[in-house]
Amino acid sequence: MHSTLPPNSTSGFPFRAILGLFKLRIGVVITFTALAGLAVGAGPSLSPLQLLVLTLSVLVSSASAGAFNQYYEHDSDHLMARTSKRPFVTGELRHGPIWLLLIAALMVLSVGAAWIALNAWSALFVFLGAFFYAIVYTVWLKRRTWLNIVFGGLAGSWAVLAGATAADPQLGAVPLALALVLFLWTPPHFWSLAIAFRDDYAAAGVPMLPVVVGEQRAAKTIFFSTLALVAASFIPLAFGLGAIYFVGAASGGFLFIHKAWLLTRDTHRKSAMACFHASLIQLTLVLLAAIVDSQFAS
Ligand code: HEM
Ligand SMILES: CC(C)=CCC/C(C)=C/CC/C(C)=C/COP(=O)(O)OP(=O)(O)O
């Protein structure tokens, strides 16, 4: 039987390669997103075991979707400098169907555990999050249309709903508003990065917005979609979140809008990366403020 290690690997178990394969940093933020959904939902509190299952279920399903993305793109990732060091490209991990089995097993395990320990709705949303990233975005849309990330953006919304329904399948206005925030957040988050790596995406033939319409129009689109995002991020204030949430949403929103505005004036890589980092800070502030505020209110 073939080993999954390349023939010249002498350093034992390839921990670093596997950590990279599962895109764990993104998984941690997705999990935090689901926990924010749980916090703003109206349901009773979960038992410690249920909380653990929700956390691991979102983390593991996100990880398996990230691994699937790299498995599927193993023969195109070498076309972009940013992705050319990935383990299936470098040969650190050997590409083969055993990985598909492992990925599928992790998915079944995480969705099944959510179903058993939480409920069918939460399990469905965990599944949809991974499905939208792995299949809808990566397989169906990424190489076909610049709208890939608009539909792919639902992956983050499903994470919110997975958390919110974990305690109570009845969805209230605040989790739905937060799901909308994730939907509107993802395009400017990603398009900023796509401006920074426009040449990479063009070389790889991936029709990301800056490749299709140019950097200037992409920057304007980022600016206006950030305005829409920030406006939407205030909706939860009408449904029970208060001053703490306002401070998080306003300060994060101000930062993101400011960086998006600067990007319309100068579309060089530095401004694009500043806008991308602002997207991560804004999301963290919104989610953190939502969690803290909802705990104070209850
Ligand atoms: C289909 C939707 C999305 C796309 C296409 C996308 C795209 C990307 C890309 C290309 C990167 C750079 C990754 C790298 O260099 O390895 C990135 C980074 C990141 N994304 Fe997204 N993203 C999406 C949705 C999300 C969502 C929903 C979240 C969180 C709720 C998120 C959180 C992050 C974080 C935390 C990073 C930084 C990770 C790091 O430093 O390794 N992304 N995103
Ligand atoms: C509820 C749940 C499990 C949700 C999971 C959703 C999820 C994992 C979203 C992440 C999206 C993401 C990292 C895209 C990277 O784009 P890319 O793959 O095009 O980037 P690349 O060029 O770096 O490969």
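Counting convention: from 1, in listed order, for ligands and their atoms alike.
Looking only at side-chain heavy atoms (C-beta outward), N148 and T138 stay at 4.5 Å or farther from each other. Using a 4.5 Å cut-off on side-chain heavy atoms (C-beta onward), L241 and S294 make contact.
Remark: aromatic rings of Y201 and F197 are distant, center separation not under 6.0 Å. Not less than 6.0 angstrom separates the ring centroid of W99 from the ring centroid of F68.
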Do any side-chain atoms of residues 222-240 form donor-acceptor pairs under 3.5 angstrom with protein atoms, and if so which ones, sequence neighbours left out?
{"residue": "S225", "atom": "OG", "partner": "T221", "partner atom": "O", "Å": "2.7"}
{"residue": "S225", "atom": "OG", "partner": "I222", "partner atom": "O", "Å": "3.3"}
{"residue": "T226", "atom": "OG1", "partner": "I222", "partner atom": "O", "Å": "2.7"}
{"residue": "S233", "atom": "OG", "partner": "V230", "partner atom": "O", "Å": "2.7"}

Output, or 'none' if empty, a list of ligand 1-protein atom pairs in which both atoms are N or O and the distance is under 3.5 Å, rounded to 0.1 Å.
{"residue": "ligand 1", "atom": "15 (O)", "partner": "R82", "partner atom": "NH1", "Å": "3.0"}
{"residue": "ligand 1", "atom": "16 (O)", "partner": "R86", "partner atom": "NH2", "Å": "3.1"}
{"residue": "ligand 1", "atom": "20 (N)", "partner": "H189", "partner atom": "NE2", "Å": "3.1"}
{"residue": "ligand 1", "atom": "22 (N)", "partner": "H189", "partner atom": "NE2", "Å": "3.1"}
{"residue": "ligand 1", "atom": "40 (O)", "partner": "R25", "partner atom": "NE", "Å": "3.4"}
{"residue": "ligand 1", "atom": "41 (O)", "partner": "R25", "partner atom": "NE", "Å": "2.7"}
{"residue": "ligand 1", "atom": "41 (O)", "partner": "R25", "partner atom": "NH2", "Å": "3.0"}
{"residue": "ligand 1", "atom": "42 (N)", "partner": "H189", "partner atom": "NE2", "Å": "3.2"}
{"residue": "ligand 1", "atom": "43 (N)", "partner": "H189", "partner atom": "NE2", "Å": "3.1"}

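Partners of R86 under the side-chain contact (heavy atoms from CB on, under 4.5 Å) rule, at least two apart in sequence or in another chain, are K23, N69, Q70, D77, R82, T83, V89.
In the hydrophobic clustering of ILVMFWY residues, with side-chain heavy atoms under 4.5 Å counting as a link, V206 and L79 come out apart.
With hydrogens and angles disregarded, no donor-acceptor distance shorter than 3.5 Å links the side chain of S57 to the backbone of V111.
Tested against F132, the residues Y137, W158, F183, W140 include a single ring pair (Phe, Tyr, Trp, His ring centres under 6.0 Å) partner, W158.
Near ligand 2, K23, I26, I30, V58, S61, S62, N69, E73, R82, T83, R86, V126, G129, A130, Y133, Y137, K142, A155, A159, Y201 each place a heavy atom less than 4.0 angstrom from the ligand.
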